Amino acid sequence: KLDIRTTSRGKNVVELSGGNQQKVSLGKWLARDLKVLILDEPTQHLDEWVKKALKEALQRYSGAILLVCHEADFYANWVEHQLSLRSLVR
């Protein structure tokens, strides 16, 4: 469940807000039963309620996720492995 909000069920995706468009896109990928998702800054430009829905959807995802994200509070408490590039720079 991605909690896509719209005033009409018949709207085209391009008529949705940016956050809802991103959720539709993610939903398409999740429906494909992929083994790995690669996400680069998926929270960028998202409202808080959209981030929450995205986080919940990713937590339910059964495959592997490679996530690049600068918002530690988004992925805190649900990622299994974390690599900080700061620790690799000398």
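Since this is a predicted model, take the numbers as computed values, not measurements.
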Worksheet item: Are any of the side-chain heavy atoms of Leu54 and Lys23 separated by less than 4.5 Å?
Response: no

Return the [atom1] to [atom2] distance between [X] and [Y], rounded to the nearest 0.5 Å.
X	Y	atom1	atom2	result
Gln21	Asn12	CD	CG	10.5 Å
Trp29	Leu34	CH2	CG	6.5 Å
Tyr75	Leu67	OH	CG	8.0 Å

Worksheet item: Which pair of non-hydrogen atoms, one from Ile65 and one from Leu58, has the smallest distance, and what is that distance?
Response: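 Heavy atoms of Ile65 and Leu58 come nearest at CD1-O, 3.7 Å.
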
Worksheet item: Which pair of non-hydrogen atoms, one from Pro42 and one from Gln22, has the smallest distance, and what is that distance?
Response: O-NE2, 4.2 Å

Item to complete: Please say which of Glu56, Glu71, Glu41 ends up in a salt bridge (Lys or Arg N to Asp or Glu O under 4.0 Å) with Lys51.
Response: Glu71

Worksheet item: Does any pair with a residue in residues 73-82 pass salt bridge (Lys or Arg N to Asp or Glu O under 4.0 Å), and if so which ones, sequence neighbours excluded?
Response: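 For residues 73-82, and leaving out neighbouring residues, there are no salt bridge (Lys or Arg N to Asp or Glu O under 4.0 Å) pairs at all.
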
Fill in: Any residue meeting side chain to side chain contact (heavy atoms under 4.5 Å, CB included) with Lys55, in chain and number order, not counting sequence neighbours
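So Lys55 forms a side chain to side chain contact (heavy atoms under 4.5 Å, CB included) with Gln59, Phe74, Trp78.
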
Discussion item. Through direct or indirect side-chain contacts below 4.5 angstrom among Ile, Leu, Val, Met, Phe, Trp and Tyr, which residues connect to Leu66?
Written reply: Val36, Ile38

Discussion item. For Lys11, is the NZ atom crowded, meaning more than 12 foreign heavy atoms sit under 6.0 Å from it?
Written reply: yes

